[in-house]
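Remarks on the structure that follows.
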Amino acid sequence: MQKLKIGVLASGSGSNLQAIIDEATAGTLPAEVVMVISDKADAYALARADAAGITTAWVNPKDFASREEYDAKIVKLLHLAEADTVALAGYLRIVTPVLLNAFPGRVLNIHPALLPAFPGLHAQRQAWEYGVKVAGCTVHFVDEGLDSGPIILQAPVPVLEDDDAGTLAARILEQEHIIYPLALKLLAEGKLMVEGRRVRIAD
Ligand code: GRF
């Protein structure tokens with residue numbers, strides 16, 4: 001089995017990035033994070049990558065006239081780093097076909113809700129305010145829509161009586177850190193087969 005060469009795109013704290021780095025380092029995920037790119041200069045994800053000796057880049061959206069031109073720059077950097085897989089991890093931009101076509105079937109995202117419920121921003125708060133009894137998170141392939149690609153894995157998180165949006169989000173995040181590396185492992189092992197909207201998992 002070939003190790004994945006993952007390029008991670010992150011805008012924020014990077015705890016999912018950290019989970020991926022930790023499992024790759026421990027050998028439980030057959031992968032290497034070859035590059036971390038952020039649209040935010042001060043994203044803590046960049047500091048985490050630096051600490052792990054991973055090449056980083058900040059690409060300022062203000063320097064580009066369109067989302068497509070921005071993504072063309074991202075693709076260039078990912079190709080230079082020889083990435084074969086792209087993991088969006090708290091990445092606050094919608095990606096365009098420029099990125100998707102450069103890595104067909106190899107762009108994944110983690111979303112802190114049980115899709116198709118609560119796409120978009122602040123999904124944990126949306127779920128809590130709606131009053132759901134079971135929240136959770138989803139790893140999915142990325143397509144051109146908002147949090148709409150075929151679902152790879154989901155983890156449920158029960159909502160407790162004394163939860164607020166913050167405590168719920170914290171428990172969802174714990175599950176994210178489990179299912180994102182696991183989904184990447186399944187991809188590395190060649191166990192994911194996309195059939196329309198359905199992702200079949202071998203074994
Ligand atoms: C996570 O909740 C992820 O699902 C969402 O943004 C958050 C990023 O957290 N897309 P982190 O940057 O990985 O800590």
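Any value given below was found using the heavy atoms of this structure, including those in side chains, with hydrogens, waters and symmetry copies removed. In listed order, ligands and their atoms are each counted from 1.
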(request) Answer yes or no: is there an ion pair linking K5 with E82, defined by an N-O contact shorter than 4.0 Å? (result) yes
(request) To the nearest 0.5 angstrom, please state how far the CG atom of L184 sits from the CG atom of L29. (result) 6.0 Å
(message) Suppose I only count heavy atoms of Q124 and a 4.0 Å limit; which atoms of ligand 1 are within that range?
(response) 2 (O)
(message) Please list the nearest protein heavy atom to atom 1 (C) of ligand 1 with its residue and the distance rounded to 0.1 Å.
(response) E176 OE1, 3.0 Å
(request) Indicate yes or no: does E195 engage R200 in a salt bridge with an N to O separation below 4.0 Å. (result) yes
(message) I'd like to check whether G12 has a polar contact with ligand 1, where a contact means an N/O of the residue lying under 3.5 Å from an N/O of the ligand.
(response) no
(request) Starting from atom 12 (O) of ligand 1, find the nearest protein heavy-atom neighbour and note its residue, name and distance. (result) G14 N, 2.7 Å
(message) Can you report which non-hydrogen protein atom sits closest to atom 9 (O) of ligand 1, along with the distance?
(response) N16 ND2, 3.9 Å
(request) Answer yes or no: does an N/O atom from S15 fall short of 3.5 Å to an N/O atom of ligand 1? (result) yes
(request) Name the closest protein heavy atom to atom 10 (N) of ligand 1, giving the residue it belongs to and the distance to 0.1 Å. (result) I110 O, 3.3 Å
(request) Could you tell me the residue and atom name of the protein heavy atom closest to atom 5 (C) of ligand 1, and the distance to it rounded to 0.1 Å? (result) P112 CD, 3.8 Å
(message) I need the single residue from V142, D143, N109 that forms a side chain to side chain contact (heavy atoms under 4.5 Å, CB included) with V95. Which is it?
(response) V142
(message) Can you confirm whether or not the ring centre of Y180 sits under 6.0 Å from the ring centre of H111?
(response) no
(request) Determine yes or no for a side-chain-to-main-chain donor-acceptor pair under 3.5 angstrom, with S38 supplying the side chain and A10 the backbone. (result) yes
(request) Salt-bridge test for R171 and D163: reply yes if a basic N is under 4.0 Å from a carboxylate O, no otherwise. (result) yes
(message) Quick check on contacts: which atoms of ligand 1 are under 4.0 angstrom from a heavy atom of G90?
(response) 6 (O), 8 (C), 10 (N)
